[in-house]
Visitor: 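Encoded as structure tokens, here's the structure I'll be asking about.
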Amino acid sequence: MLQQGASASIFAPVEVVFTERDDGCHLLESPFALGPYPGKIGEFLYHWAEREPDACFLAERGADGKWRRLSYGEALIKVEALGQSLINRGLNAERPVMILSGNSIETALLTLAAMHVGVPAAPVSPAYSLMSRDYVRLKHVCDLLRPGLIYAASAETFGGALAAVRDSGAEVISADGAGELVDGALSELLATVPGPELRVRYAQVGPDTVGKILFTSGSTGLPKGVINTQRMLCSNQQAIAQAWPFIEQERPIIVDWLPWHHTFGGNHNFNLMLRNGGALYIDQGKPMPGLIEESVKNLREISPTLYFNVPGGFQALLPYLEGDEALRDMFFRRLKLIFYAAASLPQTLWERLEKLSIASLGYKVPMVSAWGATETAPLVTIVHYPIDRAGVIGVPAPGCQLKLVPQMGKWEIRVKGPNVTPGYWKNSDQTRQAFDEEGYYKIGDAVRLADPTMPEKGVVFDGRIGENFKLTSGTWVHVGELRLKLIEAAAPVIQDCVITGHDRDELGVLVFPSEAGCRHVAGETGAALQDKSLWSCEAVVNHLRRALQEHNRNSGGNSNRISRCLILTQPPSLDAGEITDKGYINQARVLECRAELVEQLYADGEGVLRL
């Protein structure tokens, strides 16, 4: 087990090559060359199926509540059967598999089988099927893909979605084969006997073969299909292994809910287990009331060696870890690393996690982060050195080159490397616009050096370039940085927030409240929280007022000072594009959809808190 003060021993050495160019741009890259890596994901499966055929690869709870485990040897047999069935159906590089269902052993096998025989796998957000009313995004995705096969766990659950894409012409497969909208059961595909065509098709798969098509959240329009090649997926895992050499020394174990239609869960975490012979326990819980309990139940039984989550996930889990010593000790028993991503982690959550690890183990479990995008599969920068607070997103991973371009008072980050997408599925215009004249992918994020005199200390995420705006005074407001400050200042009552003030004299904030946090502040029996009338709860209002006033006293100018606040009673809408599955708030979309509330905010209307 990792001992106190030994965190450096689990990480690779840190060095950065930093170049200042005459055009004002800065270049950063690792001096360590990216090591050799396979040309396709299937090589990982073959390796472990031969070396450790009985080792657990995937596990999920069955209908009886018990863990159903799948070994590497069993997975290979099923992947080959499914791969042959796809060949028999005429699927190919232009006829993808479209997966509507969430994380499960079945969706994992179908995804691997498609990639095994050169058929793109396109996992689509279940929210487009289950939380949408008009299915606009789902129809758009289906029209773009023109899939040869669509998989849904059941027609009962996904009936509305299947009806919406009925005219696609694709064969529809479900787990049980029931329902008039379904053409067959997955078990029929699994019964297929592999033939010589399987080996031929597998041999044809190479580094440039499209492995997946992952869809962006659609926060700036309809979702784009991001091409993920086999090279992108495999090179990413090699870069992670070089930064975190400890993952090759002990078989990793994770308990993970992060969705596989996103690059974090589906590429980073899933492939990390596959590459290193790890075990992935599929967590059907989510960081929200009514579902976090399932995650807690799983963590009572399985001790992870690494734990991945987003800030909202840690916020939901922490009260359980803090209130249950046995759960806390089970969680930390063999934990080597805590990893957060998707948004900056408020320092208050960071410190609570550290306090728990010290209480359980006597030392701090290293906490790290990384940064990337769907277009980079996902890793670009990675923390592989001790850090003491959130915000730092690491140094360039081996094989990645960063270009920092001065833009609007910030440093816009652009990326080159074997992990970068060749473009967007069937959209040459979007592909062309995504790259600059030197071939760097324009990701749209801003960063800054943690220490300008020591580039090896890494870069700090500095918000989205497109979110920033000016006040009428001409002062730039850096939204990402300010948003995090407010969430941290008012902890634990703000789940997320949106900054207002574009072309106005003063800044305001629209607050999406954290139900758990507000209950904590108000008391579990607070009547105001029963009907979500948060403004009638004096404890919550006073807490928020004091926190924002304290923030303003230390704000350092109008570009950070909040003049007014409004708690929103309606959560962000997926259909309207206000939020993604992972909980990202789309600043521009919220302001557009809730323009009347913005006007109410500046008219000092009902419920507005003046500061």
Visitor: Can you find a heavy atom in the side chain of Tyr385 that is under 4.5 Å from one in the side chain of Glu456?
Guide: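 No, every pair of side-chain atoms sits at 4.5 Å or beyond.
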Visitor: Is a side-chain N or O of Trp67 found less than 3.5 angstrom from the main chain of Gly62, in a donor-acceptor match?
Guide: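 No, the answer is negative, given that no donor and acceptor are paired below the 3.5 Å cut-off.
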Visitor: Which value, rounded to the nearest 0.5 Å, describes the distance between Lys364 atom NZ and Ile338 atom CD1?
Guide: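 Reported to 0.5 Å precision, the distance equals 12.0 Å.
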Visitor: Could you tell me whether the side chains of Trp350 and Asp388 share a donor-acceptor contact shorter than 3.5 Å?
Guide: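 Short answer, no.
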Visitor: Quick check: closest heavy atoms across Thr263 and Pro378, and the distance to 0.1 Å?
Guide: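 Heavy-atom minimum between the residues: OG1-CB, 3.3 Å.
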Visitor: Any chance the side chains of Asp329 and Ser360 put a donor and an acceptor closer than 3.5 Å?
Guide: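 Yes, because at least one side-chain N or O of Asp329 sits under 3.5 Å from a partner of the opposite role on Ser360.
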Visitor: Check for a donor-acceptor pair, side chain of Asp324 on one end and backbone N or O of Ala326 on the other, with a separation under 3.5 Å.
Guide: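 Flag set: sc Asp324 to bb Ala326 pair under 3.5 Å.
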Visitor: Less than 4.5 Å apart, side chain to side chain, heavy atoms only: is that true for Met232 and Pro418?
Guide: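 A side-chain contact under 4.5 Å is absent here.
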Visitor: Please assess Val459 against Leu28 for the test side-chain contact (heavy atoms from CB on, under 4.5 Å), listing each intermediate value before the final yes or no.
Guide: CA-CA 10 Å; Val459 295; Leu28 289 83; 4.3 Å; yes
Visitor: Please check if atom CD in Glu325 has more than 12 non-hydrogen atoms from other residues, nucleotides or ligands closer than 6.0 Å.
Guide: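 No, not enclosed.
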Visitor: Scan side-chain atoms only and decide if Trp260 and Asn269 contain a donor-acceptor pair under the 3.5 Å cut-off.
Guide: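 Not at all, the side chains of Trp260 and Asn269 share no donor-acceptor pair under 3.5 Å.
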Visitor: Check Glu354 with Arg389, please: is the shortest side-chain N to carboxylate O separation under 4.0 Å?
Guide: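 Glu354 and Arg389: not salt-bridged.
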Visitor: At their closest point, which heavy atom of Val16 faces which heavy atom of Pro396, and how far apart are they?
Guide: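 Minimum heavy-atom contact is CG2-CD, 4.2 Å.
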Visitor: If you round to the nearest 0.5 Å, how far is SG of Cys400 from CD1 of Ile382?
Guide: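 Reported to 0.5 Å precision, the distance equals 10.0 Å.
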Visitor: Is the side chain of Trp48 donor-acceptor paired with the backbone N or O of Arg275 at a distance under 3.5 Å, no angle test?
Guide: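 Looks like yes, one N/O pair under 3.5 Å.
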Visitor: Can you tell me how far CG of Asn419 sits from CG of Asn228, rounded to the nearest 0.5 angstrom?
Guide: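 Asn228 CG to Asn419 CG: 10.0 Å, rounded to 0.5 Å.
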Visitor: On a heavy-atom basis, which atom in Ala114 and which in Ala121 lie closest, and how many Å separate them?
Guide: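 Scanning both residues, the minimum pair turns out to be CB-CB, 4.1 Å.
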Visitor: Does Gln230 reach the main-chain N or O of Ile41 with its side chain, forming a donor-acceptor pair under 3.5 Å?
Guide: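 Yes.
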Visitor: What pair of heavy atoms forms the shortest contact from Val124 to His261, and how long is it?
Guide: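 So the minimum-distance heavy-atom pair works out to C-CB, 4.0 Å.
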Visitor: Whether Lys40 engages the ring of Tyr202 as a cation-pi pair (distance to the six-membered ring centre under 6.0 angstrom, angle to the ring normal within 45°) should be assessed.
Guide: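 Yes, Lys40 and Tyr202 form such a contact.
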Visitor: Look at the side chain of Thr305 and the backbone N and O of Ile253, then say whether any donor-acceptor pair between them is shorter than 3.5 Å.
Guide: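 Yes; judged by distance alone, with no hydrogens or angles, the pair exists.
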Visitor: Are the ring centres of Tyr424 and Phe215 closer than 6.0 Å?
Guide: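 That pair fails the under 6.0 Å test.
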Visitor: Please determine whether side-chain contact (heavy atoms from CB on, under 4.5 Å) holds for the pair Ile413 and Asp462, giving the CA-CA distance in whole Å, both sets of side-chain angles, and the decisive distance to 0.1 Å.
Guide: CA-CA 10 Å; Ile413 185 170; Asp462 208 15; over 6 Å; no
Visitor: Pick from Asn236, Thr209, Asp208: which one makes a side chain to side chain donor-acceptor pair (under 3.5 Å) with Arg231?
Guide: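 So the option named by the test is Asp208.
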Visitor: For a side-chain hydrogen bond (donor to acceptor under 3.5 Å, both in side chains) check, start with the C-alpha distance between Trp257 and Asn309, then their side-chain angles and the critical distance, and finish with the verdict.
Guide: CA-CA 8 Å; Trp257 68 271; Asn309 217 325; 3.0 Å; yes
Visitor: Can I get a per-line list of side-chain donor-acceptor pairs under 3.5 Å for residues 285-296, giving both atom names and the distance, sequence neighbours left out?
Guide:
residue	atom	partner	partner atom	Å
Glu293	OE1	Gly290	N	3.1
Glu293	OE1	Leu291	N	3.1
Glu293	OE2	Tyr320	OH	3.3
Ser295	OG	Asp283	OD1	3.3
Ser295	OG	Asp283	OD2	2.6

Visitor: Can you check whether Pro53's main-chain N or O pairs, donor with acceptor, with Ser71's side chain at less than 3.5 Å?
Guide: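 Between the backbone of Pro53 and the side chain of Ser71 there is a qualifying donor-acceptor contact (under 3.5 Å).
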Visitor: Applying side-chain contact (heavy atoms from CB on, under 4.5 Å), run through Leu112 and Phe270 and close with a yes or a no.
Guide: CA-CA 11 Å; Leu112 290 172; Phe270 185 93; 4.0 Å; yes
Visitor: Step through it carefully: locate the ring centre of Phe308, locate the ring centre of Phe339, and say whether they are under 6.0 Å apart.
Guide: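 Yes, they do, as the ring centres are separated by less than 6.0 Å.
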Visitor: With rounding to the nearest 0.5 Å, note down the distance linking CG in Asn271 to CG in Leu233.
Guide: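 Answer for the CG-CG pair, Asn271 versus Leu233, is 5.5 Å.
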Visitor: Taking atom CD as the centre, does Gln249 end up with more than 12 heavy-atom neighbours from other residues, nucleotides or ligands that are less than 6.0 angstrom away?
Guide: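 Result for CD/Gln249: enclosed.
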Visitor: So does Lys78 have more than 12 non-hydrogen atoms from other groups sitting under 6.0 Å from NZ?
Guide: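 12 or below, so no.
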Visitor: If you define the side chain from C-beta out and look only at heavy atoms, does anything of Gln495 sit under 4.5 Å from Gln315?
Guide: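 Of all side-chain heavy-atom pairs linking Gln315 with Gln495, at least one is under 4.5 Å.
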Visitor: Quick one: pull up CG in Leu70 and CG in Leu109 and give me the separation to the nearest 0.5 Å.
Guide: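 The CG atom of Leu109 is 5.5 Å from CG of Leu70, to the nearest 0.5 Å.
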Visitor: Would the distance check show the side chain of Glu60 and the main-chain N or O of Ile105 forming a donor-acceptor pair, the cut-off being under 3.5 Å?
Guide: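 Side chain of Glu60 to backbone of Ile105: a pair is present.
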Visitor: So do the side chains of Trp371 and Val415 get within less than 4.5 Å of each other, counting heavy atoms only?
Guide: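 A side-chain contact exists here, since the closest heavy-atom pair is under 4.5 Å.
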Visitor: Can you find a pair of side-chain heavy atoms, one from Ile10 and one from Pro245, that are under 4.5 Å apart?
Guide: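 A side-chain contact is absent here, since even the closest heavy-atom pair is not under 4.5 Å.
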Visitor: Do we see a donor-acceptor contact under 3.5 Å between the side chains of His116 and Tyr46?
Guide: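 Note: His116 and Tyr46 side chains meet the donor-acceptor criterion.
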Visitor: Donor-acceptor pair, Gln238 side chain versus Tyr37 backbone, under 3.5 Å?
Guide: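 Between the backbone of Tyr37 and the side chain of Gln238 there is no qualifying donor-acceptor contact (under 3.5 Å).
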Visitor: Could you go through the side-chain contact (heavy atoms from CB on, under 4.5 Å) check for Leu138 and Met98 one step at a time?
Guide: CA-CA 11 Å; Leu138 180 64; Met98 180 175 170; 3.5 Å; yes
Visitor: Would you find a donor on one side and an acceptor on the other, under 3.5 Å apart, between the side chain of Arg334 and the backbone of Ser303?
Guide: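 Yes, Arg334 side chain to Ser303 backbone: donor-acceptor pair under 3.5 Å.
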Visitor: Assign the ring pair His268 / Phe264 to parallel, tilted or perpendicular, where the plane angle (0 to 90°) is split at 30° and 60°.
Guide: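 Rings of His268 and Phe264: perpendicular, as their planes differ by over 60°.
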Visitor: Going by heavy atoms in the side chains, are Phe44 and Asn276 under 4.5 Å from each other?
Guide: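 They are not in side-chain contact.
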Visitor: Please check if the side chain of Ser357 supplies one atom and the backbone of Tyr363 the other of a donor-acceptor pair under 3.5 Å.
Guide: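 Pair found, side chain donor or acceptor close to backbone of Tyr363.
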Visitor: After noting the C-alpha distance and the side-chain angles of Glu375 and Tyr441, does the key distance pass the side-chain hydrogen bond (donor to acceptor under 3.5 Å, both in side chains) rule?
Guide: CA-CA 8 Å; Glu375 288 85 349; Tyr441 170 63; 3.2 Å; yes
Visitor: Taking Tyr307 as the fixed residue, which of Tyr340, Tyr281, Phe332, Phe331 is the one that meets the ring-ring contact (aromatic ring centres under 6.0 Å, His included) rule?
Guide: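 Going through Tyr340, Tyr281, Phe332, Phe331 one by one, the ring-ring contact (aromatic ring centres under 6.0 Å, His included) with Tyr307 is satisfied by Phe331 alone.
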